[in-house]
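Right, one structure below, let's go through it.
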Amino acid sequence: MLKRWRTRILLFLAVLGPGFITANVDNDPNGILTYSQSGAQFGYSLLWTIIPITLALIVVQEMCARMGVVTGKGLSDLIREEFGLRMTFIIMVLLVVVNFGNVIGEFAGIAGSLQLFHLSKYISVPICAALVWLLAVRGDYKSVEKIFLTASVFYIAYIITGVLSGPSWHEAAVATIKLPSRSAWQQRGYLFMVVSVIGTTIAPWMQFYLQSSIVEKGINIRKYPATRLDVIVGSIFTDVVAWFIIVACAATLWTHGLGAITMPADAAEAMKPLAGSYAFLLFAFGLFNASFFAASVLPLSTAYTVCEGMGFESGVNKSFSQAPFFYWLYTLLIAGGVAVVLIPNFPLVQFSIFSQMLNGVLLPIVIIFMLLLINRQDLMGKHVNSVWLNVVAWLTAAIVTVLSAILTYQQVEGFFRH
Amino acid sequence: MSEKHNGPSLSLLLGTPVTDSHGELLGRLKDVAVATGSEAGSIAGVVLKTKAGLRLVRPTEVSVMASGALVLSSREALQPLREDDNFLLLRQDLLDRQIIDVHGRKVVRVNDVDLQWFSREEKQDLRVREVEVGLRGAIRRLLLGVMPKQAIDRFARQFPARVIPWEFVDVIEVDPARRVKLKIEHERLAQLHPSDIADILESLAPAEREAILTTLDEEVAAETLEEVEPKLQKALVESLSSETAAAIVEEMDPSAAADLLAELPDERSEAILEEMNPEERQEVEDLLEFREDSAAGRMTTQFVQVSFEATVSDSVEALRVFDGDLETITEVYLVDDQEVLKGIVPLGRIVLAKPETRLAVLAEPRFITCKENDHQKYVAELFDKYNLRALPVLNDGGQLVGVVEADHVISFLRDRI
């Protein structure tokens, strides 16, 4: 009996891979900040977004995984081959800027989380950056994947925090499946928060990263059902974590009227007197794990994606002189991210808004390209989207596009009002 | 043209208006068609998009004006472009695609194609000179439409060019029917070292790998497959039909073939074995019996053995008729009539000895062997301790069954680093 359970668990773990990792990296400091804010400001009333978001995430991620398995090519490769050099160039420039903004967010997360343990950012950030750089350059995909999977497990920290915060389970459960009353919608900033939560959950880089990882793993179409399961499990787990972050903040900060959070570390700090030091420790540790994890993935994924699309040599198994552009881009993204976090008085918040804005511009383009590619018979053969999947996918694309546009508009407006 | 190496680039040429001699617009340049087959590599014509559809014009029928516009000698030069024409279209099939740089032995992506006007028999003709894979080609394409073409060209020349001469370009075509039609045979690629071909395969997508592997001749395909990393090896063979796979596996070294088949699902490896020659099949099946990490699992069954009584000239004859991979042979094995190993003679000694010398005289007094079931770690230790190049594997009766070669040990050791 025990043995059967063991095999079951092992089988389940064996399935976990790129899909699970990608979905988890998505809960990076920017994501955690958004979830914390929504919990702190609006309590349980935003929990209803989790289920539709999860569905959208699954639909989009599944398409990438399928394209990777069937064509054996990365998304940027396909965009280059089917839409030409100029389109690829524009997308890549946008992607680099957006991802650089995210990288800064990750390093700011590292700085913030370790400051909670009284470690100066001038020590923690450079050391972590060096570790991140080495991890990718010195490790091979197999071992790096294992490290990442282990890191994903630490997200459980947030689930435990959620439990420790002593929420009202009944209220939380009802809010998850029921749309909030009209009065909730009329709160100031509520719609903006809805849009932010959705925007932070589906990011353009994920599609490129997931597809490349799947290509690199060399998964063939017969093993595809396992990969699909990986994507689904990953998306669900990620959003369960998001749910618990919202609940933890709702049960503590919102209940006590402490709504104002501007940095992801603020939530942990504010939680300390309310939910005890264990919750504080777990929240802070979770934040560090998420930041470090995302900081390891994003710069590398960006360098790979750009080189793939533009036809530069890439890969950590190549030497610096063989793939200079790849290494320069990778190193500059990390070094730049560190520098920005360490420069005193850098307009961090404005820059993050700016990159979120470009995120909103880029995301619909990427999703639409994906939809055009995945419906091409000559590329996908019989694995093109089915009719109902297309309906769901185009609907997702349309909603995401509209929401991104709203978000971008609000941010631009807010940007100029300041 | 006076400036020979300042030919037009494909990206700048596309969209150029083409007029007749009276200046009436006939159409715009849409693509450039390159011939295949006997005329392979030369430009068959430029493709024009006219109101009546696509038309093909031989480059000798057009002349270039100072403005860059093209003028047709006569309207009769317009030929309809037929569906079944066997042309490689530069824009459609080459631009933004991956090609193999046979000289540089790697896969690159095409940014632009450099063409060149040259004079032939009093007429000017067009040819493909090289493929641009660097910044210069990219800049041209990015700026197109933003700046006037001449300005783009001048500006782009400020950047270093990374080009691949046309004769080193190997086009990858995934569609088998079209591949046959266009006669894409990868002859030049086939001349590379199998390890280099393997590296190239590893950087391609599955469909492209398959396209190349099935086009290569079976012997080259087999040697390439031996060099590909195991995971990919498995994926490649699984994508081939059993028949094609069997033809390639037959040509492989039996031990490599056995290692490969052991990795495949049972029904698949059986299907492949079924299609193989009885003789090679037997050899591979025998090897499949052994554990992969044992000496017998690592050994090859292709070695040179002669009778203990034999002379140097007998051994040279045996080498001559040996049908395995001759480069890997470092020694000749002496056996009695029961096939029991009696001595080992290094190749060097055979070369220096007189033809009538008996091999038994040349043999080492002591020699190192191992058992079929010895672990490969132990085999590696023996190689290190006794500085071996090859190690004979004996069964319980002392009979010679195979030889572990140094490269098998090296690849095993590398896996452990």
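All chains are named by letter (A, B, ...) in the order of the sequence lines, taking the proteins before the strands, and each is independently numbered beginning at 1.
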Would you mind checking which part of Leu144(B) comes under 4.5 Å of any heavy atom in chain A, side chain (CB onward), backbone (N, CA, C, O), both or neither?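 Looking at Leu144(B), backbone and side chain both touch chain A.
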Part of Val133(B) lying under 4.5 Å from any heavy atom of chain A: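 Contact with chain A involves no heavy atom of Val133(B) at all.
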Is the shortest side-chain N to carboxylate O distance from Arg140(B) to Glu132(B) below 4.0 Å? yes
Cationic N near anionic O, under 4.0 Å, Arg222(A) to Glu238(B): yes
Closest contact, heavy atoms only, Gly234(A) versus Phe20(A): CA-CD1, 3.4 Å
If I measure from the heavy atoms of chain B, does Gln322(A) come under 4.5 Å with its side chain, its backbone, both, or neither?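 Neither part.
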Between Thr88(A) and chain B, with a heavy-atom cut-off of 4.5 Å, which part of the residue counts as in contact: side chain, backbone, both or neither? neither
Using a 4.5 angstrom heavy-atom cutoff, name the option from Gly74(A), Gly311(A), Gly84(A) with the most pairs to chain B. Gly84(A)
Checked Asp77(A), Asn220(A), Val215(A) vs chain B; the most non-hydrogen pairs under 4.5 Å come from Asp77(A)
Sidechain-backbone polar pair: Arg136(B) side chain, Val163(B) backbone, donor-acceptor under 3.5 Å: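 Here the side-chain-to-backbone pair does not exist.
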Passing candidate, side chain to side chain contact (heavy atoms under 4.5 Å, CB included) with Leu94(B), options Leu89(B), Leu10(B), Val113(B):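 Exactly one candidate clears the test, Val113(B).
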